[in-house]
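This one's a predicted model, so the numbers in the text were calculated from it and none came from an experiment. Reckoned from all heavy atoms, side chains included, excluding hydrogens, waters and symmetry mates.
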Amino acid sequence: MKKATYIIHCILLILLTSLSSCDEWKWDENGDLDGMWQMTEWRDKATGNIIATNEDGIYYSFQLKLMKFQQTGSDTYHLSYFTHAGNQLIVGKTIVWPDDEECPLTDLAQYGVPSNGLFNIDALSKKRMQLSTDDAKLTFRKY
């Protein structure tokens, strides 16, 4: 019995030591925004035309301060820093993979990102997200 108590105390001590040794935990920090989102519709505001649907395989993923843009069937994807404040999402510095080189925001037009990188968040829940720009409305489902 004494040996079991000793082992339990040692395990607890190791756990507490390892937990306190981390300066900062890397938890999800963007609420409902975090995770992978599949674009279900990309609609032009001026004409009402649908530019893309879920069949086009466009995905946005969010974790910590990084945002990933990818399209099924493509060997490349883009990683961007982003800021999420209130009802705005601002895409910043972007690199393209596998080149691992910085690229302009205009390279993200294929994913519905405006050249200024600014989205308004019209709706956001655990299952659905709707973003808008001056020119388009993008609808997503959590994937």
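Here the side chains of C103 and H78 are in contact, with some heavy-atom distance below 4.5 Å. Between Y59 and Y143, some side-chain heavy-atom pair lies under the 4.5 Å cut-off. Under the 4.5 Å side-chain criterion, counting only non-hydrogen atoms from C-beta, D134 is not in contact with P114. Counting only heavy atoms from C-beta outward, the side chains of I50 and W42 never approach each other to under 4.5 Å. Taking 4.5 Å as the limit, every side-chain heavy atom of L64 sits out of range of all side-chain heavy atoms of L66. Counting only heavy atoms from C-beta outward, the side chains of L33 and M129 approach each other to under 4.5 Å.
Taken to the nearest 0.5 Å, the CD atom of Q88 stands 11.5 Å off from the CG atom of L131. Distance check: E102 CD to K93 NZ gives 5.0 Å after rounding to the nearest 0.5 Å. Remark: M39 CE to F69 CZ distance equals 9.0 Å, nearest 0.5 Å. Distance check, rounded to the nearest 0.5 Å: OG1 of T139 to CG of N54 gives 11.0 Å. Here T76 contributes atom OG1 and Q71 contributes atom CD; the two are 9.0 Å apart, rounded to the nearest 0.5 Å. Between the CG atom in D135 and the OG atom in S115 there is a gap of 8.5 Å [rounded to 0.5 Å].
Within the 3.5 Å criterion, the main-chain N or O of I58 finds no donor-acceptor partner in the side chain of D56. A distance-only check finds no donor-acceptor pair linking the side chain of D100 to the backbone of I95 [under 3.5 Å]. Within the 3.5 Å criterion, the main-chain N or O of E41 finds no donor-acceptor partner in the side chain of K137.
For H84, the ring-ring contact (aromatic ring centres under 6.0 Å, His included) criterion is met by no residue, not counting sequence neighbours. For D44, there are no salt bridge (charged side-chain N to carboxylate O under 4.0 Å, His left out) partners two or more places apart in sequence or in a different chain.
Following chains of ILVMFWY side-chain contacts shorter than 4.5 Å, one can reach F119 starting from I51, so the two form part of one hydrophobic cluster. Put simply, V96 and M67 are part of two different groups of oily side chains (I, L, V, M, F, W, Y) that touch within less than 4.5 Å, one to the next. Under a hydrophobic-cluster definition in which Ile, Leu, Val, Met, Phe, Trp and Tyr are linked whenever side-chain heavy atoms come within less than 4.5 Å, directly or via other members, L79 and W37 are assigned to different clusters.
Between Y60 and F140, a ring centre-to-centre spacing shorter than 6.0 Å is recorded.
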Quiz item: Checking side-chain contact (heavy atoms from CB on, under 4.5 Å) for the pair T94/L108: CA distance, chi angles, key distance, verdict?
Solution: CA-CA 9 Å; T94 300; L108 301 178; 3.8 Å; yes
Quiz item: Stepwise, does the side-chain contact (heavy atoms from CB on, under 4.5 Å) test hold for K45 with R43?
Solution: CA-CA 6 Å; K45 281 184 176 179; R43 186 178 294 268; over 6 Å; no
Practice problem: Quick one: do L89 and F82 satisfy side-chain contact (heavy atoms from CB on, under 4.5 Å)? Show the steps, please. | Solution: CA-CA 7 Å; L89 177 66; F82 76 94; 3.4 Å; yes
Practice problem: Carefully, step by step, assess T40 and T53 under the rule side-chain contact (heavy atoms from CB on, under 4.5 Å). | Solution: CA-CA 5 Å; T40 56; T53 67; over 6 Å; no
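In this structure, K68 is positioned above the aromatic face of Y77, its NZ or CZ under 6.0 Å from the six-membered ring centre and within 45° of the axis.
Counting non-hydrogen atoms of other residues, nucleotides and ligands closer than 6.0 Å to CG of D99 gives a total above 12.
Of the residues listed (I121, D122, L138), the one engaging S132 in a side-chain contact (heavy atoms from CB on, under 4.5 Å) is D122, and it is the only one.
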